[in-house]
There are 2 protein chains.
Amino acid sequence: MTFSPRTLSLKDNEPLTRSLVEQMALRLSDRILEGHYHPGQRIFEQTIADEFQVSRGPVRECLRLLEKDGLITLVARHGAQVTKLSIEEVKEIFDIRAPLNGLRDRMLAEDPQRELWLPELKKIVAELSLLACSTQSADRYVACVAKLNHQLGVWVSNQRLKNILASLARQTRRYSQLGLSTPARRQQSIQHWQKMVEAIEKGDGDTAQSIACQRVYDSRDAAIHILQNQPASASNDSPTEIKQDLEAREA
Amino acid sequence: MTFSPRTLSLKDNEPLTRSLVEQMALRLSDRILEGHYHPGQRIFEQTIADEFQVSRGPVRECLRLLEKDGLITLVARHGAQVTKLSIEEVKEIFDIRAPLNGLRDRMLAEDPQRELWLPELKKIVAELSLLACSTQSADRYVACVAKLNHQLGVWVSNQRLKNILASLARQTRRYSQLGLSTPARRQQSIQHWQKMVEAIEKGDGDTAQSIACQRVYDSRDAAIHILQNQPASASNDSPTEIKQDLEAREA
DNA sequence: CTTTGTATGATTGTCAACAATATTCTTGAC
DNA sequence: GTCAAGAATATTGTTGACAATCATACAAAG
């Protein structure tokens, strides 16, 4: 049991530059984002430890990381549960994303070396335009927007900005999808992106910033509108989450 | 040893709503911010554990928290050291603070209930004006600005924004002080604050936002200017920090 | 029928010991 | 004197066990 647990208890092909705890955090956050756990569901240390064939120590550190990332909520002497955001909290996060996306896109528009990555950007936006026309490809459109945002993060020089934006995007992933569920919204979205490319090409930071800001506010409003009309997915207020406890246990 | 370690190993008067780990994180970050540890200094788990009279388990969780807060840097299989920021990194953080402070002050200016806290705000700004005139009270001026920023955080409704801003402010605390070291800069600073109060009183979100943004950029430029002319405090590039290791061990 | 107290199990919080790795020190050759 | 290899030490990574706390179920009293 004790021979080289770091390489054995997880996928061997993953790089060892990341610690065991960080690898677990990555895989756990994937599970949460893919909907394997649902909001409000409790997460038990021993369960996770068994699944990863690790003791509870590293699991606890891992949960601290996920808490700081906003994906789970830790209550002292009660444990962890997948973060369940109220409509107000979703709005809060989008409100923060707006000016930060504005900053990012301004920096990109004012990047002296933007010629290096502009072709790649145009390619993705073109791909996006095709998907936007199709009426039934909401998932693929969302995936492409995610890819686009990821690439923009790669090209931006401010590493901390990149990390904060990635964290906020993760926290609102499921709600961003909501905002792009109608073809009309996707049309609006693609127009924003096209104008963004223009602004970046011209080096117009002001325009790029305001477009980015507006784009986030539009997703915010669309998401909130849907959430308010379908309160089932965000208003389950049973205080103790008993059913979900049982689900977690029988798994 | 085992009788109620949670209340015994730390100050008894602290509230128990916070876990032991969070209490330690608070006290450790205080130490870092007060300069008890200097940038680049290594932090050993066992040393901290001994000082707080706990085992290394909680200390490790605590260090994970501080890492996410940017106060320490964790390297796998090497340990923790107090984060040492390059000039570029300091600039990065200020660049993020600018639009977020802008958002905060816009939200404050557009708060329908701002009448409730405006008098208190005016009082602090008045206090600041007095300190700005005095030529030798840099420390007290900095402290007052910190109090002001803290209060603004209390009044803003977006909890996440408040937390992110607080974290970024902590990371740049020692550099913000640098930016306010000259009386001229303090004069510039107080003028910004006075215009801010006006804008908030009028409910002028646009102006409040742009003033806040400019205020951060001014501190950024002042801090960077000083850092570039006094590179001693940020360019100690000895890779292993040997001397500081020794200091830490003999303590 | 509701409520209160109690017992029981489940879960988190902490610890001390061990394993694995990194660092420092010593020794020796050149 | 400088460098390299190996030993010794220091430090981090992980574990299993125990203590403290929480939640639930159940019984008894009102």
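Values below: all heavy atoms of this structure, side chains included; hydrogens, waters and symmetry mates excluded. The sequence lines fix the lettering, A, B, ..., with proteins before strands; numbering per chain opens at 1.
Partner of B:L168 under the side chain to side chain contact (heavy atoms under 4.5 Å, CB included) criterion, out of B:D69, B:V216, B:L100, B:N163: B:L100 alone.
The nucleotide whose nearest atom lies closest to any side-chain atom of B:R60 is, among C:dA16, D:dT15, D:dT12, D:dT12. The side chain of B:S55 lies closest to C:dA16, out of C:dA16, D:dT12, C:dT12. Nearest to the side chain of A:F44, among C:dT11, C:dG13, D:dT14, sits C:dT11. Listed nucleotides: D:dC22, D:dT11, C:dC15. Nearest to the side chain of A:R77: D:dC22.
Here B:R56 does not reach the OP1 or OP2 of D:dT12: none of its side-chain N or O atoms lies under 4.0 Å away. OP1 or OP2 of C:dT11 has not a single side-chain nitrogen or oxygen of A:H78 nearer than 4.0 Å.
Contact annotation for A:L63: no contact, since no heavy-atom pair falls under 4.0 Å across all strands. Residue A:G57 is classed as a base contact, given a heavy-atom separation below 4.0 Å to a base.
Summary for the helix from C:dC1-D:dG30 to C:dC30-D:dG1: the axes at its two ends, each from 5 pairs, differ by 10° when rounded to the nearest 10 degrees.
Every residue meeting the side chain to side chain contact (heavy atoms under 4.5 Å, CB included) condition with B:E34, not counting sequence neighbours, appears here in chain and number order: B:D30. Every residue two or more places apart in sequence or in another chain that forms a side-chain hydrogen bond (donor to acceptor under 3.5 Å, both in side chains) with A:N149 is listed here: A:R104.
Rounded to a whole Å, the CD atom of A:E67 is 14 Å from the P atom of C:dT12. A:F52 has its CZ atom 13 Å from the P atom of D:dT15, to the nearest Å. When rounded to the nearest whole Å, the span between CD of B:Q81 and C1' of C:dA22 equals 14 Å.
Using a 4.0 Å cut-off between a side-chain N of Lys or Arg and a carboxylate O of Asp or Glu, B:E51 and B:R31 qualify as a salt bridge. The residues A:E92 and B:K162 are annotated as not salt-bridged, no charged nitrogen and carboxylate oxygen being separated by less than 4.0 angstrom.
Taking every heavy atom of both residues into account, A:S29 and A:L71 meet most closely at CB-CD1, 3.3 Å.
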